[in-house]
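These notes concern the structure reproduced below.
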There are 2 protein chains.
Amino acid sequence: MSELIRIIIVEDDDDVREGLRILINGSEGYSCPMACSTGEEALKVIPVHQPQVVLMDINLPGMNGIECVVCIKNTWPEIQVMMLTVFDNTDDIFKSLTAGATGYLLKKTPPAKLLDAISELVNGGSPMSGEIARKVVQTFSNPAIHRIPESNLTAREEEILSYLSKGFLYKEIAAELFISIETVRTHIRKIYQKLQVRTRTEALLMCMKH
Amino acid sequence: MSELIRIIIVEDDDDVREGLRILINGSEGYSCPMACSTGEEALKVIPVHQPQVVLMDINLPGMNGIECVVCIKNTWPEIQVMMLTVFDNTDDIFKSLTAGATGYLLKKTPPAKLLDAISELVNGGSPMSGEIARKVVQTFSNPAIHRIPESNLTAREEEILSYLSKGFLYKEIAAELFISIETVRTHIRKIYQKLQVRTRTEALLMCMKH
DNA sequence: TCAAATATCACATGAAAGGGTGATTGACAG
DNA sequence: CTGTCAATCACCCTTTCATGTGATATTTGA
């Protein structure tokens, strides 16, 4: 990187905060002019130090980290915020990203990786710890029904059931599998018989029990 | 990694395909027993080689890469699919992730990074090129695509949704709540609007995402 | 206090789902 | 060779669902 990256830390644990600060100030190309222990403090010092990056803990006394991100991004949208927290709580992840954070690391991240992540952040990336990234990606995929133990469904029937459980219309299933809608209906009738259900939703619930 | 990772490549460009194959087979811990040039071919050879990972190009002759991912995840949900493509086209990204891909790299990724990404993939991560990750993350701040969390359902609407997701018929819900079936309809219409879905099953899937 | 949100109900229309019956083809086992 | 089963398709019919366009009463909040 050609320029110095100025980073502000927001973290209430004294040891962690000082550790990070020392790490950053000891690394070439990175600088941490300020390390705050509360969100309120951060909002005050940001105009003074004009950082490109904020490292943000979530659990803070007073204003929490996510609220703080909202304020930061409202006022200084060009600042990149990276969450830095202990837990991979799904709710926190999505709230943080919705608030405008563009990176999300767990505190167990080794120092070298943390510095890499910061530089990736200012270069237009969105560094995330592996398990975080997986959770984010999985919000896009629909839950699929894969296998139902001890139901005598044929391979074809299971295949059709999996489409059924994803909300496909009959005609969409037909198009997807290159068969007639009548064939789809025939299969579904047999599926319902075997599973002892009468509707698509009941079939889905039946699958989910296993 | 303790075990050998078996990888199948699906890529129509001969040079790229062979290059990847040589790279993988020349690296300790990785093995590429097969490299296909079409999705159809991949679906045939997967049961033979039982890979943990599939590297998938998007632009393929015949079945395209995204359709191929749908088939793969339907049949072998445990296989991790990484998209490997030249462009960072937003639409392709989301379609791929929706189809069940859990990694997404650009072809410009250097060899060492590619191998790292594959091992991250089998270890529960979701490696993405920086610009891809950023696009994914930004969908959360874009209310159009990811408006999930507080969906503003009223108490009554949630109540009706819960019956709906248990498979109750409209008239059963009406009877249960001592209201007219027309009222049930009205509530469900508003629920669908708020959740941005069109059918009962889609609503149920939406609920299950939390 | 007045507007907005909520909960209730009605009528109408077309699409989708579910159920019954029956038929053809191919594969496989006895 | 023959019967069974899986997969395919075609009618028929009824019910349920999804959506549009209304309306009225009650509650809430700014």
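In what follows, chains are A, B, ... by sequence order, proteins preceding strands, each numbered from 1.
- Counting non-hydrogen atoms of other residues, nucleotides and ligands closer than 6.0 Å to NZ of B:Lys135 gives a total above 12.
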List the atom pairs, with distances to 0.1 Å, where a side-chain N or O of residues 72-88 of chain A and a protein N or O form a donor-acceptor pair under 3.5 Å, not counting sequence neighbours.
unit_1: A:Lys73; atom_1: NZ; unit_2: A:Pro77; atom_2: O; d: 2.9
unit_1: A:Lys73; atom_1: NZ; unit_2: A:Ile79; atom_2: O; d: 2.9
unit_1: A:Asn74; atom_1: ND2; unit_2: A:Val70; atom_2: O; d: 3.3
unit_1: A:Thr75; atom_1: OG1; unit_2: A:Cys71; atom_2: O; d: 2.9
unit_1: A:Gln80; atom_1: OE1; unit_2: A:Thr102; atom_2: OG1; d: 2.6
unit_1: A:Gln80; atom_1: OE1; unit_2: B:Arg134; atom_2: NH2; d: 3.1

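- A heavy-atom distance below 4.5 Å is not found between the side chains of A:Ile24 and A:Ser31.
- Protein atom CD of B:Gln193 is 13 Å distant from nucleotide atom P of D:dA18, rounded to whole Å.
- Across the protein-nucleic acid pair, A:Gln196 atom CD and C:dG18 atom P stand 15 Å apart, rounded to whole Å.
- The phosphate of D:dC5 has neither OP1 nor OP2 within less than 4.0 Å of any side-chain N or O from A:Thr154.
- Here D:dC9 is the nucleotide among C:dT8, D:dT19, D:dC9 with the atom lying nearest to any side-chain atom of A:Ile179.
- Rounded to whole Å, the distance from CD on A:Glu202 to P on D:dC17 is 11 Å.
- Checked for salt-bridge contact, B:Arg17 and B:Asp57 miss the test: no charged N lies under 4.0 Å from a carboxylate O.
- The CD1-C1' distance, from A:Ile188 to D:dT8, rounds to 14 Å in whole Å.
- Distance A:Ile160 CD1 to C:dG18 P: 13 Å, rounded to the nearest Å.
- One can place CZ of B:Arg198 at 9 Å from P of C:dA16, the figure rounded to the nearest angstrom.
- Rounded to an integer number of Å, the gap from CD1 of B:Ile173 to C1' of C:dA7 is 15 Å.
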Run the side-chain contact (heavy atoms from CB on, under 4.5 Å) check on B:Met206 and B:Leu161 step by step: do they pass?
CA-CA 11 Å; B:Met206 181 69 72; B:Leu161 177 56; over 6 Å; no
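- Of the listed nucleotides (D:dA7, C:dA7, D:dT19), C:dA7 has the atom at the smallest distance from the side chain of B:Arg156.
- For the OP1/OP2 pair of C:dG18 and a distance below 4.0 Å, the side-chain nitrogens and oxygens of A:Tyr192 include at least one atom meeting the criterion.
- Atom C1' of nucleotide D:dC17 and atom CD1 of B:Ile181 are separated by 9 Å, given to the nearest angstrom.
- Within a 6.0 Å radius of CZ in B:Arg198, other residues, nucleotides and ligands contribute 12 heavy atoms or fewer.
- Counting non-hydrogen atoms of neighbouring residues, nucleotides and ligands closer than 6.0 angstrom, the NZ atom of A:Lys190 reaches no more than 12 such neighbours.
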Generate the contact string for nucleotides 10-16 of chain D. Rules: B means base contact, S means sugar-phosphate contact only, - means no protein heavy atom under 4.0 Å.
BBB---S
